[in-house]
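Computed from a prediction, not measured in an experiment: that's the story for all the values here. Because only heavy atoms are used, hydrogens play no part in the values below, and waters and symmetry mates are left out as well, while side chains stay in. All chains are named by letter (A, B, ...) in the order of the sequence lines, taking the proteins before the strands, and each is independently numbered beginning at 1.
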2 protein chains.
Amino acid sequence: MNKNQALPWENPRFHNWIAVARACQVMGLSLARALQPLDLKPPHLDILVNLFRAPGISQQDLADKLLVGRSNLSMLLPQLEKRGLLVRRGDPQDRRILRLELTPSGTDVTLQAIAIQSELIDRTMKTASTDECNLVGEVMTRIIHELTRPDTVEEGQADEPGRKKA
Amino acid sequence: MNKNQALPWENPRFHNWIAVARACQVMGLSLARALQPLDLKPPHLDILVNLFRAPGISQQDLADKLLVGRSNLSMLLPQLEKRGLLVRRGDPQDRRILRLELTPSGTDVTLQAIAIQSELIDRTMKTASTDECNLVGEVMTRIIHELTRPDTVEEGQADEPGRKKA
DNA sequence: ACAGAATTGTACAACCATGAACAAAAATCA
DNA sequence: TGATTTTTGTTCATGGTTGTACAATTCTGT
């Protein structure tokens, strides 16, 4: 039991990551509250932003970007479509695919939501200098690459988050 | 509409935070996979670790620490109790309170889970130097304080995450 | 002491997310 | 061409999370 560090709380890597995780959690809660007036939740915002930046994307590609399952989108997208925020148009070239696009009203809501999120993030991150901020982003990018390296991810045939890339 | 920054993608604070959020997401997915052999999910680990560090804590205090609702714990704790990982003992001083404690078997599982999590975090954070790592943690701590400042949180009387402190 | 307020944990309905099984369409390959 | 495999999206059962309503207990103020 004592051949390696039994309790990792004095390990800087460990407790510093715990701080990252907690910051994400409180940011998520704050964002959820800030989005309430628009009747949106963070997952909805993720969808809308990706549609804003990549109009015409398919549901599968969107699921890959968001790291969620296709079934998730199959449940959420009809709701947003009924609210008139987006449309799903069949692709004549490949009739399996539904291409997603924001409606004008959806674009409007998306811009409002982005403004809310941006304001929240800006206020929050003002506690760090630009240099610190950039360093944090750089470290996080390295972490993402480390965790998505194909040889450390090796996984099965699931429908769900983190599939093998075509 | 153009009185402020319409699209914040060239804002360093914004896109660097997006990197933080994504890193947390992939870390969460990796942790969930790494915990599968123990038949635990990240929320279970959060509970066990807090019981390990604060034996005898009440459900309410635990919910406050985890930033989840009491009802959440009322659903999860009986499962873990049935698995023999913890016990809920009534407090003779205050008969409303159930005090939580790990069983020996629960302590054993918790130590295994912590080892798994610690290994994952250590491998991941090795992509950053100790100084970078500490700076990240410091920035995150500032962010947490900013987001939990009482005057910016002002909220209602909900049962759920982020209540006013007694 | 006692009435009203506050706190702790539970029960339940609603919603969200996941993974497996499925149908339709396209790609592959003999 | 025709058979097999792959890809895309849906459906459904399961389980996780939230918020509300509630019973039991303790606290507060008079």
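Ring-plane geometry between Trp9(A) and Phe14(A) is classed as perpendicular, the angle between the planes exceeding 60 degrees on a 0 to 90 degree scale with a lower cut at 30.
Atom CG in Asp39(A) sits about 15 Å away from atom C1' in dC16(C), given to the nearest Å. The interatomic distance linking Asp94(B) (CG) with dA6(C) (C1') rounds to 12 Å, in whole Å. For the pair Leu67(A) CG and dC16(C) C1', the computed distance is 17 Å after rounding to whole Å. In this entry the distance linking CD of Gln60(A) with C1' of dG9(D) reads 9 Å, nearest Å. Atom-to-atom, CD of Glu81(B) to P of dG9(C) comes out at 13 Å; the value is rounded to the nearest Å. Counting to the nearest Å, the C1' atom of dG9(C) and the CG atom of Asp64(B) are 13 Å from each other. In this structure, Ile47(B) atom CD1 and dG9(C) atom P are separated by 13 Å, rounded to whole Å. Asp91(A) places its CG atom 15 Å from the C1' atom of dA24(C), with the value rounded to the nearest Å.
Contacts of Arg88(A) with the nucleic acid, taken as non-hydrogen atoms under 4.0 Å apart, involve only primed sugar atoms and P, OP1 or OP2.
Each of Gln79(A) and Ser74(B) was assigned the nucleotide of DNA chain C with the nearest heavy atom; the assignment lying further toward the 5' end belongs to Ser74(B). Each of Arg99(A) and Pro92(B) was matched to the nucleotide of DNA chain D holding its nearest heavy atom; the match closer to the 5' end belongs to Arg99(A). If Met75(B) and Ile97(A) are placed on DNA chain D by their nearest nucleotide, the residue sitting closer to the 5' end is Ile97(A). Mapping Leu77(B) and Arg96(A) onto DNA chain C via the closest heavy atom, the residue that lands nearer the 5' end is Leu77(B).
Here Gln59(B) does not reach the OP1 or OP2 of dT7(C): none of its side-chain N or O atoms lies under 4.0 Å away.
Put simply, the side chain of Arg95(B) and the base of dT25(D) share no donor and acceptor less than 3.5 Å apart. For Arg70(B) against dG9(C), a side-chain-to-base donor-acceptor contact under 3.5 Å is present.
Under a 3.5 Å cut-off, the side chain of Gln25(A) and the backbone N or O of Leu66(B) do form a donor-acceptor pair. With hydrogens and angles ignored, the 3.5 Å screen pairs a side-chain donor or acceptor of Glu81(A) with a backbone N or O of Arg88(A).
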Q. Passes salt bridge (Lys or Arg N to Asp or Glu O under 4.0 Å), Arg123(A) versus Glu119(A)? Steps please.
A. CA-CA 6 Å; Arg123(A) 171 168 74 76; Glu119(A) 203 172 330; over 6 Å; no

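Under 3.5 Å, the side chains of Gln60(B) and Asp64(B) contain a donor-acceptor pair of N or O atoms.
The side chain of Pro43(A) lies closest to dA17(C), out of dA11(C), dA17(C), dA25(C). Comparing atom distances between the Leu76(B) side chain and each of dC12(C), dT17(D), dA17(C) picks out dT17(D) as nearest. Candidate nucleotides dT18(D), dG19(C), dT8(C) were compared by shortest atom distance to the side chain of Val68(B), and dT18(D) ranks first.
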